[in-house]
Protein chains: 2
Amino acid sequence: MSKGRVTVVDIAHAAGVSKSTVSLVLQGSPLVNEATRAKVNAVIRDLGYVYNRAAANLRQTASSKIIGIVVNDLTNSFFAELAVGVDMVVQSAGYVQFLSNTGESIDRQREVIASMREHGISGLIISPARGTEAADFKPLVASGIPVVLTVRNISGAKVSSLLSDNRMGAAQAVAHLAGLGHRRIAFLGGFPDTAVFEDRLKGFRDGLAAAGLPFAEELIVGSAPSRAGGVEAIERAMLIAERPTAALCFNDAVAFGVCDGLRARRMEPGADFAVIGFDDVIEAKTAVPALTTVNVDPQGMGRRAAQLLMKQINAGKAEPEAIVGAVRLVVRQSCGAGMKNQQWRNAV
Amino acid sequence: MSKGRVTVVDIAHAAGVSKSTVSLVLQGSPLVNEATRAKVNAVIRDLGYVYNRAAANLRQTASSKIIGIVVNDLTNSFFAELAVGVDMVVQSAGYVQFLSNTGESIDRQREVIASMREHGISGLIISPARGTEAADFKPLVASGIPVVLTVRNISGAKVSSLLSDNRMGAAQAVAHLAGLGHRRIAFLGGFPDTAVFEDRLKGFRDGLAAAGLPFAEELIVGSAPSRAGGVEAIERAMLIAERPTAALCFNDAVAFGVCDGLRARRMEPGADFAVIGFDDVIEAKTAVPALTTVNVDPQGMGRRAAQLLMKQINAGKAEPEAIVGAVRLVVRQSCGAGMKNQQWRNAV
DNA sequence: TGACAAATTTGGATCGATCCAATTATGAAC
DNA sequence: GTTCATAATTGGATCGATCCAAATTTGTCA
């Protein structure tokens, strides 16, 4: 019964045609007679034939219908959603995705990229691990495999990128806080040695400058970009002599941690301290208090990155393209926008 | 330069040996002379050769080194962590994973499984979409591809499964609440038509029975298994004439939503109402109040599922194996375990 | 040096689907 | 009935790596 798999030759034999005809049917060629097509399709169903893509890809003409996606931290829901967005687009384009998580390890990243190449991916979407260098993409580019860099940029890499406008978003958030009357605004969380941190910090400074507020080094408190990191960051921020009354957080995970930390010291986020996050993950809307945050739409980014990649795959050799996605501040409760401004000045 | 890719024949030519020898070097055969091996490896490096797995897999002997993983909701961090666990194990075994998200759509699930088969996966780990039937795995099983069902069981499917002991976990949680003095305990959230819901509800009833408490239908409030669903569930539960004073939630996401909903009506989880979750996702520990929950260890489940699958792939034809993972109650603050028991009786 | 075993190397055939040039069937027009 | 165009079909050759049996080289010992 199940001895060896069914091949085009088996189909051809059972349907009384040649394997070439079967092949034409498989790719929906208009050259084949309708009656023949129907007969072949019937046999295909009857024998439970499974198309062997690997064999088809052996010919240099076809592309593998596989794309790779590499993220630096899948346990962060931002990246999980990014992956979902990519999956949506590639699935409907008839592709499948290899997904790998590097957990910020460059060695692992190198391994998975090598492995993906061996499997013949047609393109790669990657949020690179910390410390990735432009040279790491050289071999991919040399063999004509389109690469879309997302979330984090790598300067000097001659590949496409899809980033969000971190600087503008951070500046908007600071402007909002300043408008509410805050004068001591902290920037909490994140690893200072990443491009994203740099961009958001630049925007933070832009916002302070635009509001005529001084920049104070001590109000920048780095930490792991996680919930636990947020708890730690707010604790350290509260040790500062002249305490902040508001914070822009590196991302939503940090912001949630900051809220946790505030409550642990009997302060209510949105009432006693203003918190703004970054990313707008799903939970931001339903949390209590609902998180004011900069909407980045990770799922949308995933979709756009996938669309960009698809375009480049179909175009053959495509020029690197750099897209910066717009970003917008979503005002909810955690920044205390509904409160009287006065209280913040008295808070210190 | 980059005209066509480099193949074993190119290597053989450049190194002055036959392609057979190159092949032997590639698979690390002890048959080849050390000097020859070194020379071939040098040429491989120089020419930037990339191994073509698709070509190698064409021979029926080799396996594809690809496994598939299908989850029903990747935006749920439980499944993201499960995927991370799987990825860890398969990566170190030299495999890569196709990951697809079905979003509970059976049609999409069928498509992705078909696509994965065409790509020649050696095995499949799947948390099936709602409504999946045993028959859906028939073709996989028939062609000898090991399948590991995880998280959700499908009765009648002749495949392996790795589930957690939902019944026992729920019973433990109820026992704990009863021990704290609660008499009106609700079961909140989740879709009633899933196997996981059924199991946890069974455990819930076991726990009530063991504590000598009556079962009241109105205290079972279904909802989407999400944070938003949790908010909705607690709101409905609070409309009940004789209000509950504690709740076992379908999962942690629901539990967080319940906490949000409680706070929205000025009740403090852990003080005014006891909340227990299920799964123990990463955020459970750092949330405020820290969530008492049944630890399921999704990452560990992913690892174990992957190990089971690897074992079956290596064993050739393996007997289906059903593993039920132990589960344990992690007591934190949200159940108010540190409080005096007395107050709960007065709370109603 | 010759005989023989052990260590290395190698040319074809093979996997399954595709492509191409070439062939055969069908139809229309005269 | 022949001619020519069009529709439909088909037999290799091909992609890149592996496997096998057979050939070659190397080493050992009488």
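So you know, we letter chains A, B, ... as the sequences are listed, proteins then strands, and number each from 1.
Considering only side-chain N and O atoms, A:T21 lies nowhere under 4.0 angstrom from the phosphate OP1 or OP2 of D:dT9. Distances shorter than 4.0 Å separate some side-chain N or O of A:S18 from OP1 or OP2 on D:dT10. Using a 4.0 Å cut-off, no side-chain N or O of B:N52 falls inside it from OP1 or OP2 of D:dA17. Contact annotation: B:T36 side-chain N/O to C:dT8 OP1/OP2 distance is not under 4.0 Å. When the side-chain nitrogen and oxygen atoms of B:R5 are compared with OP1 and OP2 of D:dG16, one or more of them lie within a distance under 4.0 Å.
The existence of a salt bridge linking A:R130 and A:D193 is confirmed by a sub-4.0 Å separation between a basic side-chain nitrogen and an acidic carboxylate oxygen. Looking at A:R37 and A:E34, a side-chain N of the basic residue comes within less than 4.0 Å of a carboxylate O on the acidic one, giving a salt bridge. One finds a salt bridge joining A:R152 and A:E104 here, because a Lys/Arg side-chain nitrogen approaches an Asp/Glu carboxylate oxygen to under 4.0 Å. Between B:K65 and A:E118, no side-chain nitrogen of the basic residue sits less than 4.0 Å from a carboxylate oxygen of the acidic one, so the salt-bridge criterion is not met.
There is a side-chain donor-acceptor pair under 3.5 Å between B:T132 and B:Q109.
The minimum heavy-atom distance linking A:L99 with A:A83 is given by the pair CD1-CB, 3.5 Å. When all heavy atoms of B:S127 and B:V151 are compared, the pair lying nearest together is OG-CB, 3.9 Å. Nearest heavy atoms, B:S64 versus B:N57: CA-ND2, 3.3 Å.
Nearest to the side-chain atoms of A:V8 among the listed nucleotides C:dA17, C:dT9, D:dA17 stands C:dA17. Here the nucleotide nearest the side chain of A:Q27, chosen from D:dC19, C:dC19, D:dA17, is C:dC19. Out of D:dT10, D:dG16, D:dT18, the shortest distance to the side chain of B:A55 is found at D:dG16.
Among the heavy atoms of the strands, none lies under 4.0 Å from A:V9. Contact annotation for A:V22: no contact, since no heavy-atom pair falls under 4.0 Å across all strands. The residue B:S23 sits close to a base: some heavy atom pair falls under 4.0 Å.
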Before you tell me yes or no, could you show the steps for B:L47 and B:I44 under side-chain contact (heavy atoms from CB on, under 4.5 Å), namely the whole-Å CA-CA distance, both residues' side-chain angles and the distance that decides it to 0.1 Å?
CA-CA 5 Å; B:L47 299 192; B:I44 284 176; over 6 Å; no
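Along DNA chain D, the nucleotide nearest to B:L26 and the one nearest to A:L31 differ in position, and the one closer to the 5' end is contacted by A:L31.
Among the candidates A:T150, A:V147, A:I69, A:L140, the single residue satisfying the side-chain contact (heavy atoms from CB on, under 4.5 Å) test with A:I126 is A:V147.
Where the helix from C:dT1-D:dA30 to C:dC30-D:dG1 starts and where it ends, the local axes point in directions that differ by 50°; five pairs per end, rounded to 10°.
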Atom pairs, protein N/O to nucleotides 12-14 of chain C N/O, distance under 3.5 Å:
{"residue": "C:dG12", "atom": "N7", "partner": "B:K19", "partner atom": "NZ", "Å": "3.2"}
{"residue": "C:dG12", "atom": "O6", "partner": "B:K19", "partner atom": "NZ", "Å": "2.8"}
{"residue": "C:dT14", "atom": "O2", "partner": "B:R59", "partner atom": "NE", "Å": "2.5"}
{"residue": "C:dT14", "atom": "O2", "partner": "B:R59", "partner atom": "NH2", "Å": "3.0"}

Return the polar atom pairs (N/O with N/O) between nucleotides 4-6 of chain D and the protein under 3.5 Å, or none.
none

